[in-house]
There are 2 protein chains.
Amino acid sequence: MPINRRLAATTARLLPGSKQTGSSRRVLEAAIKLFAEHGYASASVRDIAAAAGVKPATIYAHYPSKEHILAEVCRIGHEEQYRGVRSAVLGSGADPRDQIVAYVSAHVGFHTTYPMLAVVSNSELHVLREELSATTFLLRRQSEDLMQEIITRGMQGGQFHVPDRWLAVAAIGGMGLRVAYWFSPEHGLTAGQVADGYAEFALRLLAARDGHGKHTAAT
Amino acid sequence: MPINRRLAATTARLLPGSKQTGSSRRVLEAAIKLFAEHGYASASVRDIAAAAGVKPATIYAHYPSKEHILAEVCRIGHEEQYRGVRSAVLGSGADPRDQIVAYVSAHVGFHTTYPMLAVVSNSELHVLREELSATTFLLRRQSEDLMQEIITRGMQGGQFHVPDRWLAVAAIGGMGLRVAYWFSPEHGLTAGQVADGYAEFALRLLAARDGHGKHTAAT
DNA sequence: AAGCTAACCGAACGAACGTTAGTTAGGCAA
DNA sequence: TTGCCTAACTAACGTTCGTTCGGTTAGCTT
């Protein structure tokens with residue numbers, strides 16, 4: 001087991017409810033695994049075909065180009081992530097603290113459940129032409145906006161206090177993103193423990209130590 | 001200005017004190033910029049040569065292979081990062097809170113000063129064979145261990161309280177890593193503001209909200 | 001049985017890849 | 001001047017890349 005793996009996970013998981021079937025789906029799963037482990041440019045169409053149990057030419061019966069495969073993977077990944085955090089927040093109470101806990105738990109949960117999908121969606125997106133990545137960037141933006149709205153409401157209500165709300169979004173989002181790289185079921189921590197821990201971290205990060213941010217200056 | 005850039009920074013900075021000179025250094029700087037923007041596999045030797053104002057074959061007079069160029073970049077990046085956090089911590093007081101502030105400020109400072117170097121060092125390292133990445137992984141490990149030691153001392157002294165100390169290292173480290181991707185001098189926040197903000201975030205994250213972690217259970 | 005459709009494959013295309021061999025130009029010691 | 005060294009160059013090597021094209025199968029409909 002080499003130490004210089006790109007991520008700790010070893011198996012690719014596509015969404016159980018994906019509408020893809022047969023070879024089309026196996027190609028997608030193989031692409032997720034290979035893109036995650038070696039990167040988009042280093043994973044050849046021949047590699048993907050072999051991993052999917054198919055010949056290279058067959059791939060082009062399902063996808064118009066290698067780039068479109070990546071675009072589909074990124075779209076699926078960001079769609080599931082946004083769906084997850086959105087439904088979690090909607091299912092929580094009206095207290096911004098509950099909403100942040102729900103958001104971060106769902107966010108981390110996505111990265112522990114679909115680590116390879118998360119790695120590809122986040123670190124290979126830049127190779128896509130804007131035409132193919134526009135939808136995905138919109139989804140990412142919506143996820144960020146959702147967190148920022150929660151934080152803004154929390155600051156107005158006095159539950160949260162941060163020097164800069166955008167910086168808090170970047171910090172909380174960033175620490176969640178990295179989970180996909182190191183998380184593994186054999187790591188010693190369960191997915192639930194990581195989600196709970198990060199939710200607690202996010203709460204601490206947003207709430208001033210004196211407990212009531214109303215009395216300190218904000219930007 | 002396309003939206004799907006891999007990172008916000010536009011200019012590569014090599015360390016001012018690097019011993020490299022002339023073409024050798026220009027090749028290194030060009031490689032940092034191209035590896036950061038397009039990834040190791042997508043940046044060809046011909047691209048690097050053109051950016052360095054040199055012909056492809058000339059590169060092999062300075063580096064034995066493309067892989068060795070990346071290895072050198074990763075080594076320089078991790079060396080500077082470790083040097084930075086280490087000297088910052090040594091220059092701070094004995095209070096773990098001061099040490100964490102010093103560590104995180106230096107860590108974030110590295111990622112805002114050398115964003116391209118940081119992006120390459122952290123996200124392209126996995127393509128290196130173990131033989132070429134061993135030194136770099138050692139440096140990364142030392143940086144992580146340093147933060148963990150600070151946190152451990154802070155927990156023993158009652159200043160810090162976290163459910164899992166390794167999880168705290170991962171969270172603080174992860175949020176700092178991401179800074180290299182979005183930070184830009186034109187972003188609205190100065191490097192100092194980001195460093196101060198993240199240092200504050202790290203302190204909050206480590207210190208229980210009741211202010212004295214001694215009274216709550218630890219794992 | 002004939003015909004259609006979707007899926008798949010073998011073979012090959014031109015382009016780009018990392019790398020190498022051999023050559024040239026300039027500076028310097030003898 | 002001669003010889004040597006360094007640093008850069010030109011040209012090309014063999015390989016792999018993404019992609020395409022023509023043809024073959026399997027399964028269903030009529």
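What you see is a predicted model, and the numbers here were worked out from it, not measured in a lab. Lettering of chains follows the sequences in order, A, B, ..., and the numbering in each one begins at 1.
Residues A:His187 and A:Ser184 bring no donor and acceptor atom of their side chains to less than 3.5 Å of each other. Side chain to side chain, B:Arg165 and B:Thr152 meet the donor-acceptor criterion of an N or O pair below 3.5 Å.
The main-chain N or O of A:Phe35 is found under 3.5 Å from a side-chain atom of A:Arg6 such that the two form a donor-acceptor pair. At least one donor-acceptor pair closer than 3.5 Å links the side chain of A:Asn4 to the backbone N or O of B:Leu128.
Protein chain A contacts DNA chain D over a range whose 5' and 3' limits, counting nucleotides with an atom under 4.0 angstrom from a non-hydrogen atom, are D:dC17 to D:dC21. Reading DNA chain C from its 5' end, the first and the last nucleotide to sit under 4.0 Å from a heavy atom of chain A are C:dC8 to C:dA12.
At the heavy-atom level, A:Ala41 lies nowhere under 4.0 Å from the strands shown. B:Ala61 comes within 4.0 angstrom of nothing in the nucleic acid, heavy atoms only.
The pair B:Glu37-B:Lys33 meets the salt-bridge criterion, since a charged nitrogen lies less than 4.0 angstrom from a carboxylate oxygen.
Judged by the 6.0 Å distance and 45° axis criteria, B:Lys66 is positioned over the aromatic ring of B:Tyr40. A cation-pi geometry, defined here as NZ or CZ lying under 6.0 Å from the six-membered ring centre and within 45° of its normal, does not hold between A:Arg204 and A:Phe201.
Mapping A:Gly53 and B:Glu67 onto DNA chain C by nearest heavy atom places A:Gly53 at the nucleotide closer to the 5' end.
The aromatic ring centroids of A:Trp182 and A:His111 lie 6.0 Å or more from each other.
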